[in-house]
Amino acid sequence: MNSKTLKQILEAIDVLEVVGDMEKTILDVTCDSRTVTAGSLFVAVRGVAVDAHKFLPQVAESGATAVVCEEFPPEINENVTYIKVANSTIALAHVSSAWYDNPSSKLKLVGVTGTNGKTTIATLLYELSHLMGYKAGLLSTVQNIIDKRTEPAKQTTPDHLTLNRLLHEMVECGCEYAFMEVSSHACDQHRIDGLKFAGGIFTNLTRDHIDYHQTVDNYIAAKKKFFDSLDSDAFAVVNIDDKVGKVMVQNTKAKKYSYSLQSLADYKCRMIEDRLDGTLLNINGTNIDVLFTGRFNAYNLTAVYAAALLLGWDKEQVLVKMSELVPVAGRFQTMRSPRGYTAIVDYAHTPDALVNVLDTANEVMNGKGTLITVCGCGGNRDSGKRPIMAREAALRSGKLILTSDNPRFEDPEAILRDMEAGLPDDKRSSTLIITDRRQAIKTACQLAQPGDVVIVAGKGHEDYQEIEGVKHHFDDREELVKIFESE
């Protein structure tokens, strides 16, 4: 069993006041009062919904050895050591890292942040590292992987303790590299505090998570925190075709690098030929044929190439192995119908991501065939993007079907009314509203003719639909396979 003294665990923390013995042995660290046992160090975090300080008496009764908190309880239990700090969330980040022997310092950890492309870039770097012969780990929206062992992902960036546990397990099994998505929530909630990054990548920034951040400026500031925290021996690679790219690295101590499809940059990419089954790219003067489609994937692959070279990997081998990479599940995932039309499943759930996917399909189709789009919007999230997404989808589609996504605790019909409000008048006749997602996908496929493209957007890799707090199994890809089998 892992054990450390309180003093060892709290070395990197600014302690304001201590009541009790700092030489006590700790057997477990937790921020969940329900899991406290004898030997536990409990960190009382002020959450969005619950302030854990109110559980301090209960924690003491459960046998906690020590407590980290922002204010002492009214009654001090003589068996408990109390440590007061200015911010217990920041303290939890450093405690978690210390408890697991600072695993990020033993890995070359690369973080990827931005609105779109995080999952693809982090996953492709993980896949590329294995193709190059290196052991690596992955922390992503889709899954967490320790070398080759997979754990389901509950959120884009795990909580402090889970994150450091996973990194520790990567170190234990011999991983040299780790690649992780860094969400704006994680930056804002100090989940990446206490971690040492070898590098950071910025993809782009568009409207997302406004329900949490309230304003776009707050959203930008949250992302920027990641680059502000990088050390001088790290690298920061940013997409300078995004207007926020240069802002991200204004205050970073890291070495700055840029990538672009439009401007002069350290890593410059040109699209030579684009097809539904792949693209011929030219990156820094060298041609490479990849199994990915669209400008957004050209950006993603350029970022992957830049990070690989900045990690010191051999350029020629990187180019060879990049041509072997395959698309991430649910990210512009192409499926061919026996009737001769193509279906594409994509996670696009923001206006910008949806525009990227639809523009890519239209560019590749080049006026041949009809683009049929199925999309919806999630409930209990930023409602302002609903009419925007419907409008953008309608303007880029020959036919559009608005349907349910993850309604959560909202009325699906109300969400669809919000979307419908954004439809241009001349596009209403070519738009259907079908609440049942299974029926919407089936209808899109029935409408499709040979040469057409059906895009099913919004859920991508997700294999559930969340309704009234219950997750029901539902997978867009499975639905399409069933339809193809019956054709």
Side-chain angles (χ1 to χ4, degrees), residues 208 330-335 337 341-358 361 370-424 427-449 452-484 486-487:
D208 199 15
R331 266 64 175 180
F332 211 84
Q333 190 169 354
T334 305
M335 305 166 72
S337 157
Y341 64 89
T342 300
I344 296 169
V345 175
D346 195 274
Y347 187 51
H349 61 285
T350 65
D352 185 68
L354 187 59
V355 166
N356 282 340
V357 168
L358 298 180
T370 300
L371 180 60
I372 304 168
T373 303
V374 179
C375 71
C377 285
N380 302 107
R381 296 291 187 270
D382 176 18
S383 60
K385 71 182 181 183
R386 294 171 187 171
I388 300 171
M389 288 186 68
R391 179 178 182 279
E392 299 295 355
L395 291 172
R396 289 165 172 78
S397 307
K399 296 172 185 173
L400 172 63
I401 302 177
L402 300 180
T403 190
S404 186
D405 193 306
N406 288 323
R408 299 183 177 90
F409 291 98
E410 274 197 78
D411 176 6
E413 305 282 351
I415 297 171
L416 288 168
R417 284 194 294 272
D418 286 345
M419 295 190 76
E420 188 181 7
L423 292 172
K427 291 291 185 177
R428 290 178 180 270
S429 62
S430 57
T431 301
L432 296 173
I433 297 175
I434 303 174
T435 309
D436 183 277
R437 192 173 181 91
R438 180 174 287 112
Q439 187 57 47
I441 296 171
K442 189 174 181 181
T443 301
C445 292
Q446 288 170 340
L447 291 171
Q449 299 299 314
D452 289 351
V453 173
V454 173
I455 287 187
V456 184
K459 294 180 63 59
H461 64 281
E462 290 180 352
D463 60 0
Y464 63 84
Q465 207 172 11
E466 190 176 342
I467 304 168
E468 292 293 333
V470 178
K471 287 186 176 180
H472 304 267
H473 181 78
F474 191 94
D475 188 318
D476 289 346
R477 296 161 297 178
E478 286 179 11
E479 296 303 317
L480 286 164
V481 168
K482 288 177 194 170
I483 292 165
F484 291 174
S486 66
E487 289 179 345

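Side-chain atoms are counted along with the backbone in the values below, which use heavy atoms only and exclude waters and symmetry mates.
By the salt bridge (Lys or Arg N to Asp or Glu O under 4.0 Å) test, Arg437 is found to be paired with Asp476, residues two or more places apart in sequence or in another chain being considered. Shown here are the side-chain contact (heavy atoms from CB on, under 4.5 Å) partners of Thr342, two or more places apart in sequence or in another chain: Leu276, Thr334, Arg336, Ile344, Val453. By the side chain to side chain donor-acceptor pair (under 3.5 Å) test, Gln446 is found to be paired with no residue, residues two or more places apart in sequence or in another chain being considered. Partners of Lys471 according to the salt bridge (Lys or Arg N to Asp or Glu O under 4.0 Å) rule, which considers only residues two or more places apart in sequence or in another chain, do not exist here. Residues satisfying the side chain to side chain donor-acceptor pair (under 3.5 Å) test with Glu392, not counting sequence neighbours, are Arg396. Under the rule for a salt bridge (Lys or Arg N to Asp or Glu O under 4.0 Å), Glu478 has no partner lying at least two apart in sequence or in another chain. By the ring-ring contact (aromatic ring centres under 6.0 Å, His included) test, Phe332 pairs with Phe296, sequence neighbours left out. Remark: Ser404 pairs with no residue by the side chain to side chain donor-acceptor pair (under 3.5 Å) rule, at least two apart or across chains. When the salt bridge (Lys or Arg N to Asp or Glu O under 4.0 Å) test is applied to Arg428, the partners found at least two apart in sequence or on another chain are Glu420, Asp425. With sequence neighbours excluded, the residues satisfying side-chain contact (heavy atoms from CB on, under 4.5 Å) with Ala444 are Ile372, Val374, Ile401, Val454. For His472, the side chain to side chain donor-acceptor pair (under 3.5 Å) criterion is met by no residue, not counting sequence neighbours.
When atom types are taken as modelled, the side chain of Glu410 and the backbone of Asn380 share a donor-acceptor pair closer than 3.5 angstrom. A distance-only check finds no donor-acceptor pair linking the side chain of Ser397 to the backbone of Ala394 [under 3.5 Å].
Under a 4.0 Å N-O distance rule, the pair Asp436/Arg438 does not qualify as a salt bridge.
Put simply, the side chain of Leu447 does not reach to within 4.5 Å of the side chain of Thr370, judged on heavy atoms. You'll find the side chain of Gln333 stays beyond 4.5 Å of the side chain of His461, heavy atoms only. In this structure the side chain of Lys385 reaches within 4.5 angstrom of the side chain of His349, judged on heavy atoms.
Of all heavy-atom pairs spanning Ile434 and Thr443, the tightest one is CD1-OG1, 3.6 Å. Residue Met389 comes nearest to Ala348 through the heavy atom pair CE-O, 4.4 Å, listed as atom of the first residue, atom of the second, then distance. When all heavy atoms of Gly379 and Arg386 are compared, the closest pair comes out as CA-NH2, 3.8 Å. The minimum heavy-atom distance between Arg391 and Gly422, with the atom names listed, is CB-O, 3.1 Å. The minimum heavy-atom distance between Pro387 and Ala421, with the atom names listed, is CB-C, 4.5 Å.
A distance of 5.0 Å separates CG in Leu371 from CD1 in Ile455, rounded to the nearest 0.5 Å. Going from atom CD of Glu479 over to atom SG of Cys445 covers 10.0 Å, rounded to the nearest 0.5 Å. The CG atom of Leu416 sits 6.5 Å away from the CD1 atom of Ile433 when rounded to the nearest 0.5 Å. Going from atom CD1 of Ile415 over to atom CE of Met419 covers 9.5 Å, rounded to the nearest 0.5 Å. For the atom pair CG of Asp418 and OG of Ser383, the computed distance is 6.0 Å after rounding to the nearest 0.5 Å. Asp346 CG to Leu358 CG: the interatomic distance, rounded to the nearest 0.5 Å, is 9.0 Å.
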(request) Evaluate side-chain contact (heavy atoms from CB on, under 4.5 Å) for Cys375 paired with Leu354, printing each intermediate quantity in order. (result) CA-CA 9 Å; Cys375 71; Leu354 187 59; 4.2 Å; yes
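Taking the six-membered ring for Trp and thresholds of 30 and 60 degrees, Phe484 and Tyr341 have ring planes more than 60 degrees apart, a perpendicular arrangement.
Residue Lys442 qualifies as open at atom NZ: its count of foreign heavy atoms under 6.0 Å is 12 or below.
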Distance-only donor-acceptor pairs under 3.5 Å for side chains of residues 462-469, two or more places apart:
from, atom 1, to, atom 2, distance (Å)
Glu462, OE1, Asn406, ND2, 3.1
Glu462, OE1, Lys459, NZ, 3.0
Gln465, NE2, Asp405, O, 2.7

